[in-house]
Amino acid sequence: MKLYNTANRQKEEFIPLVEGRAGIYVCGVTVYDHSHIGHARSAIVFDVLVRYFRARGISVTYVRNFTDVDDKIINRANELGKDTATLAQEYIDSFYEDMKALYVMKPDMEPRATEFIGNMIEMIQVLIDKGFAYEVDGDVFYAVEKLEDYGRLSGRKLDEMKAGSRIEINEKKRHPMDFTLWKPSKPGEPMWESPWGNGRPGWHMECSVMSNHFLGGTFDIHGGGQDLLFPHHENERAQSKAATGGEFARYWVHNGFLTVESEKMSKSLGNFIFIKDALRDYHPEVLRFFLQSKQYRSPLDFSRKDVLDCQSGLIRIYRTLQRAEQFTGPNKNNYSSRIQGLIAGEHKNEFLNRFINYMDDDLNAAGVTGLIFDKIKDLNRMLDDAGTNPSEGSINQLKEEIDAFYRAGAVLGIMNSDPSDFISRMEKPSDINESEIEELIKQRKEARAQKEWAKADEIRNRLKEMGIVLEDKEGVTKWRKDI
RNA sequence: GGCGGCAUAGCCAAGUGGCUAAGGCAGCGGUCUGCAAAACCGUUAUUCCCCAGUUCAAAUCUGGGUGCCGCCUCCA
């Protein structure tokens with residue numbers, strides 16, 4: 001499999017440290033507010049990466065942290081008059097709710113920064129002892145000039161950055177780019193005892209410590225949003241390499257950003273979309289399908305029109321799956337719950353092999369989308385041909401194709417729903433009088449029996465105006481919400 | 001100012017040296033239907049932002065230009 005390694009700005013064959021295993025650390029959220037759809041994209045990207053590895057038979061250790069101590073949390077807690085631990089826990093719970101709704105699997109480890117303060121103090125002490133860090137009046141800073149290749153990951157050079165104007169002047173620092181490992185807390189702020197006085201760790205420490213704790217000083221993949229590349233990941237790497245002597249992450253995977261109606265999400269524009277908001281407007285699978293409609297590294301614009309276009313496509317997929325059930329029966333495999341090895345090895349099924357080819361190419365989910373719709377067209381043709389009295393051979397073939405389809409769906413985290421449930425959820429009218437509809441359909445049926453087509457059509461048009469579409473099939477009239 | 005990315009049909013989006021430039025949505029024509037809906041079939045880019053170059057051959061490589069975006073400060 002090829003993965004784009006940000007560290008080397010190119011796609012590289014992924015060769016794990018230990019064959020058949022992969023250690024993955026992903027920067028999670030800072031819990032000072034509900035999570036937004038950008039967090040959802042990131043979570044889904046790495047969820048799919050982990051699902052894919054597992055489906056291919058690789059044993060994955062997946063670690064994703066919570067940052068539960070930080071200035072933003074402290075500020076928010078002060079605003080709301082709560083203590084930081086309570087606030088953090090509330091938003092952790094909120095995050096879990098959102099992830100569950102989006103079918104994002106739980107990582108194997110979800111360490112919180114506050115659980116590892118002791119280890120952070122130890123690592124800081126190691127850095128001081130090794131000469132990579134220095135203490136000034138209770139602050140401890142990392143000396144960037146001490147690490148030979150500081151800036152290598154993000155493609156920056158120290159002297160170029162020195163020329164930048166936005167670096168805050170801090171007289172205590174030996175070099176303007178030196179960053180905080182430990183800082184004193186103000187009264188009322190969370191604090192821990194340390195050799196440098198009561199205080200708290202700098203932001204980057206937690207990821208160095210927790211990745212080292214669970215995965216070691218050298219591990220396979222480190223992931224996160226593109227914005228974290230600098231300074232966060234650069235600094236993590238610097239600390240870890242200096243402290244552990246390991247390589248730190250061997251592959252760096254960064255997901256692209258999300259915009260909303262072509263604008264960056266920001267407080268000032270007031271265009272933050274929380275996952276909870278999005279879930280009110282769209283089915284979770286629509287969101288997942290949409291968030292994977294473009295290659296994970298590219299920017300993606302969350303526009304209402306584009307999401308609804310995706311929804312139309314997903315409805316078509318589910319209609320086909322629903323159609324197929326008359327021959328295959330309902331899908332009860334629940335492949336998501338047994339993803340390990342689900343599509344390992346070579347396959348007789350052409351669709352799965354092509355799926356694997358796309359996914360092996362840096363998770364080309366957009367390419368996979370094309371493949372999925374090709375398959376949908378195929379399946380519909382098979383269903384058309386099968387008619388009402390299909391041969392045993394064609395049913396078996398249909399079953400095989402549907403099975404392959406659900407396996408791929410499990411890797412992407414879609415096709416989790418029962419087709420009829422999904423469709424009825426899409427089509428369910430919220431504010432419509434059902435008995436009135438049934439009555440009108442009855443009247444239309446009578447009119448049609450009398451071949452009073454004008455009257456029948458008038459009734460159908462009336463329903464159409466109410467947002468109800470009719471489908472006559474085999475003498476039975478079904479109705480649904482116009483979507 | 002520094003670093004990086006992107007530009008493919010009405011919209012979204014694959015494809016990064018070579019058969020007729022995937023796929024979705026929207027539109028149009030047809031099959032089916034009393035008419036529709038759904039589904040299927042066909043159709044919608046002689047061309048991939050512009051210019052120059054390399055090559056037998058480029059959307060794909062090189063150089064230049066234009067436009068858009070991200071990071072460099074907390075950020076997924």
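Numbered from 1 within each chain, the chains take letters A, B, ... in sequence-line order.
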Atom-to-atom span, [atom1] of [X] to [atom2] of [N] - whole angstrom:
X: Arg316(A); N: rA26(B); atom1: CZ; atom2: P; result: 9 Å
X: Asp362(A); N: rG15(B); atom1: CG; atom2: C1'; result: 14 Å
X: Asp374(A); N: rA22(B); atom1: CG; atom2: P; result: 11 Å
X: Glu471(A); N: rC40(B); atom1: CD; atom2: P; result: 13 Å
X: Leu258(A); N: rC12(B); atom1: CG; atom2: P; result: 15 Å
X: Lys294(A); N: rU8(B); atom1: NZ; atom2: C1'; result: 12 Å
X: Arg9(A); N: rC6(B); atom1: CZ; atom2: P; result: 12 Å
X: Ile414(A); N: rG24(B); atom1: CD1; atom2: C1'; result: 13 Å

Under 4.0 angstrom, heavy atoms only, what part of the nucleic acid is [X] near: base, sugar-phosphate, or nothing?
X: Arg156(A); answer: base
X: Gly155(A); answer: sugar-phosphate
X: His254(A); answer: nothing
X: Arg448(A); answer: base
X: Gly225(A); answer: sugar-phosphate
X: Leu229(A); answer: nothing
X: Arg444(A); answer: base
X: Asp306(A); answer: sugar-phosphate

When you compare [N] with [M], how far apart are their [atom1] atoms, in angstrom units rounded to a whole number?
N: rC71(B); M: rU60(B); atom1: P; result: 29 Å
N: rU8(B); M: rC50(B); atom1: C1'; result: 15 Å
N: rC3(B); M: rA14(B); atom1: C1'; result: 28 Å
N: rC40(B); M: rA45(B); atom1: C1'; result: 25 Å
N: rG23(B); M: rA13(B); atom1: C1'; result: 8 Å

Which class fits the ring pair Phe248(A) and His222(A): parallel under 30°, tilted 30 to 60°, perpendicular over 60°?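 Judged by the thresholds at 30° and 60°, the geometry between Phe248(A) and His222(A) is tilted.
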
Under 30°, 30 to 60°, or over 60°: which ring-plane class applies to His204(A) and His232(A), parallel, tilted or perpendicular?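 Tilted, since the angle between the ring planes falls between 30° and 60°.
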
Any strand is fair game: report the nucleotide pairing with [N] by Watson-Crick or G-U wobble, both distances under 3.5 Å, or none.
N: rC48(B); result: none
N: rA14(B); result: none
N: rU54(B); result: none
N: rG34(B); result: none
N: rU66(B); result: rA7(B)
N: rG42(B); result: rC28(B)
N: rG1(B); result: rC72(B)

Interatomic distance, Asp139(A) atom CG to Trp182(A) atom CH2 [nearest 0.5 angstrom]: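 Rounded to the nearest 0.5 Å, the CG-CH2 separation comes to 11.5 Å.
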
Of all the choices, [options], which nucleotide is nearest to the side chain of [X] once you look at every atom?
X: Lys473(A); options: rA76(B), rG15(B), rA37(B); answer: rA37(B)
X: Arg460(A); options: rG24(B), rA14(B), rC35(B); answer: rC35(B)
X: Asn364(A); options: rA39(B), rA14(B), rG34(B); answer: rA14(B)
X: Ser312(A); options: rA37(B), rA26(B), rC35(B); answer: rA26(B)
X: Lys305(A); options: rC11(B), rA37(B), rC35(B); answer: rC11(B)

Would you mind telling me which of Asp220(A), Ile221(A), Ile24(A), Val63(A) makes a side chain to side chain contact (heavy atoms under 4.5 Å, CB included) with Leu215(A)?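 With Leu215(A) as partner, side chain to side chain contact (heavy atoms under 4.5 Å, CB included) holds for just one option, Val63(A).
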
Side-chain N or O of [X] closer than 4.0 Å to phosphate OP1/OP2 of [N]:
X: Lys264(A); N: rC71(B); result: yes
X: Asn255(A); N: rA76(B); result: no
X: Thr30(A); N: rA76(B); result: yes

Within 45 degrees of the axis of the six-membered ring of Phe46(A) and under 6.0 Å from its centre: does Arg64(A) put its NZ or CZ there?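 Cation-pi check for Arg64(A) and Phe46(A): fails.
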
Establish, for the pair Arg156(A) and Phe230(A), whether the NZ or CZ atom is under 6.0 angstrom from the six-membered ring centre and no further than 45 degrees off its axis.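 Arg156(A) over Phe230(A) ring: yes.
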
Take atom CD in Gln10(A); do more than 12 heavy atoms of anything else shown fall under 6.0 Å from it?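 Enclosed.
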
On RNA chain B, nearest-nucleotide positions of Phe373(A) versus Tyr358(A): which is more 5'?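 Taking each residue's closest nucleotide, the earlier one in sequence belongs to Tyr358(A).
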
Toward the 5' end of RNA chain B, which comes first, Ile372(A) or Gln295(A), by nearest nucleotide?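 Its nearest nucleotide being more 5', the pick is Gln295(A).
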
What verdict does the salt bridge (Lys or Arg N to Asp or Glu O under 4.0 Å) test give for Asp362(A) and Lys11(A), after you've listed the backbone C-alpha separation in whole Å, the side-chain angles of each residue and the deciding distance to 0.1 Å? CA-CA 7 Å; Asp362(A) 197 28; Lys11(A) 285 185 199 171; 5.3 Å; no

Centroid distance below 5.5 Å plus an interplanar angle below 30 degrees: do Phe257(A) and rA76(B) meet both conditions?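 Stacking between Phe257(A) and rA76(B): present.
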
Trp453(A) on top of rG34(B)'s base, within under 5.5 Å and under 30°?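 Here the ring of Trp453(A) and the base of rG34(B) are stacked, with centres under 5.5 Å and planes under 30°.
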
Once hydrogens and angles are ignored, does a donor-acceptor distance under 3.5 Å link the base of rC35(B) to the side chain of Asp472(A)?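 Answer is yes: a donor-acceptor pair is held.
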
Less than 4.0 Å between a side-chain N and a carboxylate O, is that true for Asp47(A) and Arg288(A)?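 Answer for the salt bridge query: yes.
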
